[in-house]
Amino acid sequence: MKNLQTKIVKEGIVLSESVLKVDSFLNHQVDPYLMKEMGETFANKFQSEGVTKVLTIESSGIAPGVMTSLSLHAPLIFARKRKSVTLTDELYTANVYSFTKKEENVISVSKKYLSPNDNVLIIDDFLANGQAALGLIKIIEEAGASLAGIGIVIEKAFQDGGKQLRDKGVRVESLARIKSLKNNIVHFVEEEVS
Ligand code: 5GP
């Protein structure tokens, strides 16, 4: 998506050869117009899949997730990273190792919100080694629901999450695919920035 690539080039900060900081529009401050365009783009891609629920992880997946769910006319569920006192129902859980925080979290979704009748679209902000997506897939499988596909805002194509997921036969659509962050420069797999 051209506007996303332009934003990454203008505002993204390369923290290392493997980490990109995009706090100005996705991970801290949120650009609502860009989120809206991303939500519409994901919805167009998955329009014919019969999506009944959009699933993401708090907190950075919520903004693109909610815009996608709005365009697909389906509710958004965000998996929680820590037990909430208000989440007293039975939970589906998965262990997810966080690439950026270098710690393991238990993510959970209430059994109330996923059923075998659901066809679920996963949305997340970044795809690195695929741990977050695999955790969400485990939760969908536990619920007996089906997976419509995965929509990723920024895929770091030099890490192996995308390959792992596509090798499993999962449809992964990424709005920007980064080939390299070497020498503090963002190179995309498909350059759309003019
Ligand atoms: P994975 O589970 O695919 O290894 O990593 C994806 C998760 O880690 C995303 O949900 C995101 O929160 C975080 N993440 C991975 N790489 C980056 C990165 O380069 N920048 C930022 N801001 N977050 C990242």
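Note that the structure is a prediction, hence the values are computed from the model and not measured. We count ligands from 1, going down the list as the structure has it; atoms in each ligand are counted the same way.
Pairs passing the side chain to side chain donor-acceptor pair (under 3.5 Å) check and including a residue from residues 120-133, sequence neighbours excluded, read Asn27-Asp125.
Residues with a heavy atom under 4.0 Å from ligand 1: Ser18, Val19, Leu20, Asn27, Phe99, Thr100, Asp124, Asp125, Phe126, Leu127, Ala128, Asn129, Gly130, Gln131, Ala132, Lys156.
Counting side-chain heavy-atom gaps under 4.5 Å among Ile, Leu, Val, Met, Phe, Trp and Tyr, the cluster of Leu15 also holds Ile13, Val19, Phe99.
Every residue meeting the side chain to side chain contact (heavy atoms under 4.5 Å, CB included) condition with Gln29, not counting sequence neighbours, appears here in chain and number order: Ser24.
A heavy-atom distance below 4.5 Å is not found between the side chains of Glu11 and Asp31.
A salt bridge does not link Lys81 to Glu58: none of the charged nitrogens lies less than 4.0 Å from a carboxylate oxygen.
Checking Thr52 against Asn119 by side-chain atom types alone, no donor-acceptor pair falls below 3.5 Å.
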